[in-house]
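Everything numeric in this text was worked out from a predicted model, so none of it was measured. Quick note: numbers below take in every heavy atom, side chains included, and nothing from hydrogens, waters or symmetry partners. So that the names make sense, note that chain A is the first sequence line, chain B the second, and so on, each numbered from 1.
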2 protein chains.
Amino acid sequence: MKKKLATLSDIARQLNISVSTVSRALHDHPAINIKTKKKVRLLAEKLNYQPNLLALNLLNRKTNTIGVVVPEITSYFFSSVINGIQDFVNDTNYQLIIGQSEESCEKEKNILQALAKVRVDGFLISPTSETVKPDYYNGLIKSGIPLVLFDRDCVGAKADKVLVDDYDGAFQAVEYLIKTGCRRIAHITGPSDLSISNHRLNGYLDALKKYDLPKQEHRIIEVEGFSPEYGVKAAKKILESPDLPDAIFAINDGIAIGAMYVIKEAGIKIPDQISVVGFDDEPHSSYFIPPLTSVWQPVYDMGMLSARILLNKLSRHRQDKSLRFELLKPELIIRKSSLNLPRE
Amino acid sequence: MKKKLATLSDIARQLNISVSTVSRALHDHPAINIKTKKKVRLLAEKLNYQPNLLALNLLNRKTNTIGVVVPEITSYFFSSVINGIQDFVNDTNYQLIIGQSEESCEKEKNILQALAKVRVDGFLISPTSETVKPDYYNGLIKSGIPLVLFDRDCVGAKADKVLVDDYDGAFQAVEYLIKTGCRRIAHITGPSDLSISNHRLNGYLDALKKYDLPKQEHRIIEVEGFSPEYGVKAAKKILESPDLPDAIFAINDGIAIGAMYVIKEAGIKIPDQISVVGFDDEPHSSYFIPPLTSVWQPVYDMGMLSARILLNKLSRHRQDKSLRFELLKPELIIRKSSLNLPRE
DNA sequence: TTGTATTATGCAAAGGTTTGCATAATGATT
DNA sequence: AATCATTATGCAAACCTTTGCATAATACAA
C-alpha cells in the first residue's frame with residue numbers, strides 16, 4: 001500500500017525529457033525554456049511531486065535536524081525551554097529530535113551517540129547533574145557538530161553557552177528576605193556537582209555576607225532531586241531542630257512547595273513565622289495559598305536564544321571559532337509566601 | 001573542520017577489495033572468506049567506521065523516525081505521555097520528532113505535512129481541540145503512513161487508538177461525591193468539540209442520573225483552556241450565584257486548582273462546604289492544602305502502549321487492516337479536598 | 001555556405017549502501 | 001586433461017537529487 005511518491009524521473013519519462021531538465025525547471029533555472037518550465041510545473045503539480053528529502057540529505061551531507069538533550073521533559077522548566085526552541089525552529093526548515101538523559105551521564109552519552117549517528121546537524125544540551133567532564137562534548141565539537149549548552153554549565157566545554165544568572169537571582173531573593181527582616185535564613189540547595197546549585201548557593205552566601213549575617217552550616221540542606229517530595233524531606237529536617245529559621249530559600253519551586261506543605265501542616269504560619277521563596281516561578285506556584293514568591297527565569301527566551309545561536313552557527317559554513325556566552329537576567333516575583341514589609 | 005567519516009569505499013580502497021565485499025564482510029555474509037572478514041573488521045574498527053544512515057534511509061525508503069504531535073508539551077499530562085513513548089522507543093533504533101499543535105488545527109496540519117515531508121515512518125497524534133474532521137489523518141494513512149491516535153479521539157479516523165476511559169473516570173468521581181453526601185454537584189467542562197470533554201461530561205451526567213439527581217444547566221460551566229486561570233474564572237462565576245454547589249468536579253487538575261484558590265480566598269471551607277475533585281492527578285496536586293482528590297490516568301502506559309502499537313505495525317511490512325482500540329482504566333485517588341464520609 | 005554566438009538540453013558523477021547476478025579462482029572428481 | 005562443484009569476489013543497478021561540463025539545436029552575421 002505504501003504509495004510511491006512521484007520522482008523527478010517519473011516526470012522526465014512522461015515528458016520525454018531528462019531528469020536534469022526537470023530538476024532545473026522546478027528550480028527556475030534561467031537556462032530552461034519557459035515553455036518547458038510550464039509543462040514540468042504543471043505535471044509536477046498534477047503528480048503532487050515532493051522532493052525526496054532523503055536523497056537531498058545524502059547529497060548535502062546534512063539532515064536539517066537538531067538534537068535537543070535535557071535531563072527530563074516532564075518538568076515545567078525544560079518543557080518551556082523546548083517550547084522556545086520549537087517556536088524558533090518552526091520558522092526554519094529544521095526539525096527537533098528530543099532526548100532525555102534522566103540526569104544520567106551514561107544515558108546522556110548514549111543519546112548523543114545515537115543522535116550523532118543519525119547525523120543531527122547540531123546539539124542543544126542541558127547537561128545532567130552528573131556530567132562534570134566536558135570531554136565528550138568537546139569530542140563532538142571536534143568532529144564538526146556544533147553544540148550549544150543551556151541553563152546548566154559544564155566548565156571546560158568549548159561550546160556556546162546560554163545560562164541564567166543564578167547567582168544574581170539567589171542574591172536578589174536573599175537580599176530581599178533580609179530587607180524584610182529575616183535573619184535566620186535557611187537554604188535548600190541541590191546536587192553539589194550542578195552549576196546552578198553552586199551559583200545559587202553562592203548568591204545566598206554573598207547576600208548573607210553583605211549584611212553581616214553569619215553562614216550557618218546547619219541551615220543549609222542539600223537535596224538530590226527537584227520534586228516536592230525532596231522538599232518535604234528537607235523541611236522535616238529543618239523543623240526537627242529547635243532553632244527554627246525565619247525564612248527558607250529553596251533551590252526551586254518544587255522543593256519550596258514540598259516545604260510549604262510540611263510547614264503549614266505543622267501549624268506554622270507562612271509568611272508570619274517563616275517566609276518561603278522558590279526559584280523558577282512555575283505557573284502553579286501562584287495558586288498555592290499563600291502564593292509562592294519565586295525567582296522568575298526567562299525560560300522561553302533561553303530556548304529561543306539557544307536555538308538562534310545554533311542555527312546561526314550552522315548557517316555560516318566557514319565556522320568562526322568565537323564562542324558566545326549569554327547570561328540572562330532572572331527576576332524576583334514577590335507574592336504572599338514572604339513578607340512585604342519588615343517584620344515587627 | 002567537518003571531518004568526513006570513513007566510508008565503505010575508504011576501507012575497500014585501503015584493502016584493495018571491492019565495496020560490496022566490505023559491506024558483506026561487515027554483515028558477516030557466509031560467502032566471504034573468514035580472513036577477509038577479519039581484515040575488514042579490523043580496519044573498520046581502526047577507522048571508526050559508522051554506516052551512513054542517510055544512505056540507508058534513501059535505500060530503504062525509511063527513516064526510523066516517528067513523529068509525535070501533541071497540543072502542548074509544557075503540560076504534565078502530555079510530557080508524561082511523551083516520556084512513556086520515549087522509554088519504549090529507546091530500546092529500538094527509532095528516534096522521535098516532536099511537534100506542538102497548540103490546539104490549532106491549522107498548525108497541526110502544517111506539522112504533519114512537514115513531518116511527512118521528512119519521511120517519518122509513522123505518527124503518534126493527540127488531536128487538537130479543534131480537529132473535528134478525520135480527513136487529513138485518513139489521507140496520511142492512505143498514503144501509507146501508519147498512525148496511532150492517543151488520549152483524544154477523532155471520530156471517523158481509520159487509525160489505531162489508545163484512549164483513557166474518561167467516561168468511567170468521571171462517573172467514578174461523581175458517584176463518589178454523591179456517596180459522600182453531595183447533592184449539588186457542579187461540573188467545569190472543557191471545549192465542547194473535544195472528545196474527552198464530552199466523555200467526562202457524560203460520565204458526570206450519567207452518575208447524576210443513576211442517583212436520580214437532576215441535571216442543572218447552571219451548574220455546568222464550560223472553559224476554553226486547561227490552566228488554572230480558567231479555573232479561577234469558572235469558580236468566580238459559580239460563586240456569584242447565591243445557589244452554591246456542595247461539590248465541584250473539574251475537567252482537570254489545572255482548573256480544579258484555580259477553582260480551589262478562589263474558593264479558599266472567599267473563605268469557603270474545602271471540603272466541609274465544597275468538595276473539589278480534579279482529573280489527571282498531577283504530582284503537584286497532592287501538595288496543595290487540602291491535597292486534591294483527582295482521577296489518575298495511566299499516562300505513562302498510554303505513551304508506552306501507543307508506541308508499541310505503532311512500532312508493531314511498522315515491523316510487519318504486509319500491513320493488516322485490523323485496527324486496535326485500547327481503553328485504559330483511570331482510577332480515583334481520594335485526598336482531603338473531598339469528604340471521606342457522608343456529610344452530617 | 002561557413003562560422004560564431006546564443007539558447008536549451010542531456011550526460012554523468014557524486015553522495016554511501018545493499019544485493020542479485022555474473023565471474024574468477026580453486027579444489028575435487030572422473 | 002577435462003569437467004563439475006564449490007568458494008570467494010566484483011559489477012552494476014537501485015534509491016533520488018543536484019550540478020559542472022559537453023553538446024545539440026537554432027539563429028544570426030559575414
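In this model, no donor atom of one side chain and acceptor atom of the other lie less than 3.5 Å apart for A:Ser104 and A:Glu130. Between the side chains of A:Ser23 and A:Ser20, no donor-acceptor pair of N or O atoms lies under 3.5 Å.
Look at CG on B:Leu15: it is 10 Å from P on D:dG10, rounded to the nearest Å. Atom NZ in A:Lys35 sits about 18 Å away from atom P in D:dA25, given to the nearest Å. Regarding A:Arg13, its CZ atom lies at a distance of 17 Å from the C1' atom of C:dG10, rounded to whole Å. Rounding to whole angstrom units, CG of residue B:Leu26 and P of C:dT18 are separated by 8 Å. Atom CD1 in A:Ile17 sits roughly 16 Å away from atom P in D:dA25 (whole-Å rounding). If you measure from atom CG of B:Asp28 to atom C1' of C:dT18, you get 16 Å, rounded to the nearest angstrom. A straight line from CD1 of A:Ile34 to P of C:dA8 spans 10 Å, rounded to a whole angstrom. D:dG20 atom P lies 14 Å from atom CD1 of A:Ile32, rounded to whole Å.
B:Asp160 places no side-chain N or O within 3.5 Å of a backbone atom of B:Val148 that could act as its donor or acceptor partner.
A salt bridge links B:Arg41 with B:Asp28: the distance from a Lys NZ or Arg NE/NH1/NH2 to an Asp or Glu carboxylate oxygen falls below 4.0 Å.
Among the atoms of the strands shown, none is found under 4.0 Å from any heavy atom of A:Leu54.
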Table of protein N/O atoms under 3.5 Å from nucleotides 14-18 of chain D N/O atoms:
residue : atom : partner : partner atom : Å
D:dT17  : OP1  : A:Tyr49 : OH           : 2.6
D:dT17  : OP1  : A:Asn52 : N            : 3.4
D:dT17  : OP2  : A:Leu8  : N            : 2.6
D:dT18  : OP1  : A:His27 : NE2          : 3.2
D:dT18  : OP2  : A:Ser23 : OG           : 2.8

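Within the 4.5 Å cutoff, side-chain heavy atoms of B:Glu102 are placed close to those of A:Asp87.
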Run the side chain to side chain donor-acceptor pair (under 3.5 Å) check on B:Asn48 and B:Lys46 step by step: do they pass?
CA-CA 5 Å; B:Asn48 185 28; B:Lys46 192 178 138 209; over 6 Å; no
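Residue A:Ser18 places no side-chain N or O under 4.0 Å from the OP1 or OP2 atom of C:dC11.
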